Amino acid sequence: MKNNIIIRSVVKPEDVEYVREIVTSTNFFHSYEIDVAVELIEETLNKGNESGYSFLFAEVDGKPVAYSCFGLIPCTKSSYDLYWIVVHHDFRGHGIGKKLLELTEQAAREIGGSGIYAETSSQPLYEPTRRFYISNNYIEEARLKDFYNLRDDKLVYSKRL
């Protein structure tokens with residue numbers, strides 16, 4: 001499958017529904033979180049580079065099956081947030097997420113990024129997400145207790161670029 005993957009960075013109007021489908025397929029996110037993912041696409045379509053968001057899409061047979069969203073953290077010179085990296089449930093386990101993460105890091109580095117930061121939940125559901133970051137050389141930098149809810153900490157991972 002890796003040979004059939006095409007990466008693109010241009011956001012298209014149809015990505016609104018593709019992002020909704022990709023994020024929903026994971027069964028990880030609440031409806032309000034899915035709405036936020038979609039809003040970032042819409043914001044980028046409306047404002048372009050002014051939005052502050054950059055995207056990479058992994059396509060198989062012309063259809064997006066995974067994407068990342070990243071951007072310069074306001075008030076920093078070279079630190080980037082990894083806002084989203086999501087692989088459609090049907091395409092997990094094929095190395096698409098790892099490749100997409102590598103390309104996202106490369107893109108941030110090429111525009112002056114020195115570090116990238118990712119946040120996730122401490123809930124058991126997110127154990128695969130935490131393992132994914134650790135296996136890609138991210139370090140847990142912070143734990144904010146009860147951030148999302150009681151007994152649901154926010155974990156911040158980072159990687160030097």
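Bear in mind the structure is a predicted one, so any value in this text is a computation, not a measurement. All heavy atoms count here, side chains included; hydrogens, waters and symmetry mates do not.
- The two residues Lys159 and Asn137 have their closest heavy-atom pair at CG-O, 3.8 Å.
- With hydrogens and angles disregarded, a donor-acceptor distance shorter than 3.5 Å links the side chain of Gln123 to the backbone of Arg151.
- Side-chain contact between Pro124 and Glu127 is absent, with no heavy atoms from C-beta onward closer than 4.5 Å.
- Side-chain contact between Glu119 and Tyr148 is present, with at least one heavy-atom pair separated by less than 4.5 Å.
- No donor-acceptor pair under 3.5 Å is formed between the side chain of Ser79 and the backbone N or O of Ile73.
- Rounded to the nearest 0.5 angstrom, Ser54 OG and Ile111 CD1 are separated by 5.0 Å.
- Between Asp153 and Asp146 there is a side-chain heavy-atom pair separated by less than 4.5 Å.
- Checked by atom type and distance alone, the side chain of Arg130 pairs as donor or acceptor with a backbone atom of Ser121 at under 3.5 Å.
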- Please assess His94 against Arg92 for the test side-chain contact (heavy atoms from CB on, under 4.5 Å), listing each intermediate value before the final yes or no. CA-CA 6 Å; His94 296 284; Arg92 290 181 67 194; over 6 Å; no
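- In this structure, Ser78 and Gly112 approach most closely via the heavy-atom pair CB-O, 3.2 Å.
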- Task: Could you please spell out the steps behind the side-chain contact (heavy atoms from CB on, under 4.5 Å) verdict for Trp84 and Leu40?
- Result: CA-CA 10 Å; Trp84 291 89; Leu40 299 184; 3.6 Å; yes
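- The closest side-chain heavy-atom distance from Ile116 to Tyr138 is below 4.5 Å.
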- Hey, mind stepping through Tyr126 and Phe132 against side-chain contact (heavy atoms from CB on, under 4.5 Å) and telling me if it holds? CA-CA 10 Å; Tyr126 291 89; Phe132 174 74; over 6 Å; no
Could you tabulate the donor-acceptor pairs under 3.5 Å formed by side-chain atoms of residues 97-104, not counting sequence neighbours?
| unit_1 | atom_1 | unit_2 | atom_2 | d |
| --- | --- | --- | --- | --- |
| Lys98 | NZ | Asn136 | OD1 | 3.1 |
| Thr104 | OG1 | Ser68 | OG | 2.7 |
| Thr104 | OG1 | Leu100 | O | 2.8 |

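- The shortest side-chain heavy-atom distance between Val65 and Ile96 falls under the 4.5 Å cut-off.
- Between Ile22 and Ala66, the closest heavy-atom pair is CD1-N, 3.7 Å.
- In summary, the aromatic rings of Tyr133 and Tyr157 are positioned with their centroids under 6.0 Å apart.
- Residue Ser122 comes nearest to Leu155 through the heavy atom pair CA-CD1, 4.1 Å, listed as atom of the first residue, atom of the second, then distance.
- Hydrophobic cluster of Ile139: no remaining members, since no ILVMFWY side chain lies below 4.5 Å from it.
- Between the side chains of Glu141 and Ser158, at least one donor N or O lies within less than 3.5 Å of an accepting N or O.
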- Task: For Asp81 and Phe70, run side-chain contact (heavy atoms from CB on, under 4.5 Å): C-alpha distance rounded to whole Å, both residues' side-chain angles, the deciding distance at 0.1 Å, then the answer.
- Result: CA-CA 5 Å; Asp81 260 329; Phe70 62 101; over 6 Å; no
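- Checking Val11, Leu45, Asn46, Thr44 one by one against Ser51, the side-chain contact (heavy atoms from CB on, under 4.5 Å) holds for a single residue, Thr44.
- A parallel orientation is assigned to the rings of Tyr67 and Phe57, their planes being inclined by less than 30° (bins at 30° and 60°).
- Interatomic distance, CG of Asn149 versus NZ of Lys154, reported as 14.5 Å (0.5 Å rounding).
- Although no hydrogens or angles enter the test, the distance criterion places no donor-acceptor pair under 3.5 Å between the side chain of Ser25 and the main chain of His88.
- The structure places CG of Leu125 at 8.0 Å from OG1 of Thr26, a figure rounded to the nearest 0.5 Å.
- At a threshold of 4.5 Å between non-hydrogen side-chain atoms, the residues Leu56 and Ser9 count as touching.
- Every salt bridge (Lys or Arg N to Asp or Glu O under 4.0 Å) that Glu59 has, sequence neighbours left out, goes to Arg8.
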- Message: As a quick check of understanding, evaluate salt bridge (charged side-chain N to carboxylate O under 4.0 Å, His left out) for Lys63 and Glu21, giving each step before the final call.
- Response: CA-CA 11 Å; Lys63 180 181 177 184; Glu21 179 185 338; 3.1 Å; yes
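- In this structure, Tyr83 and Tyr53 have perpendicular ring planes: the angle between them is above 60°, well past the 30° mark.
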- salt bridge (charged side-chain N to carboxylate O under 4.0 Å, His left out) evaluation trace for Asp35 with Arg20: CA-CA 8 Å; Asp35 290 343; Arg20 184 180 308 281; 3.6 Å; yes
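- Within the model, atoms CD of Gln106 and CD of Glu110 stand 4.5 Å from one another, a figure rounded to the nearest 0.5 Å.
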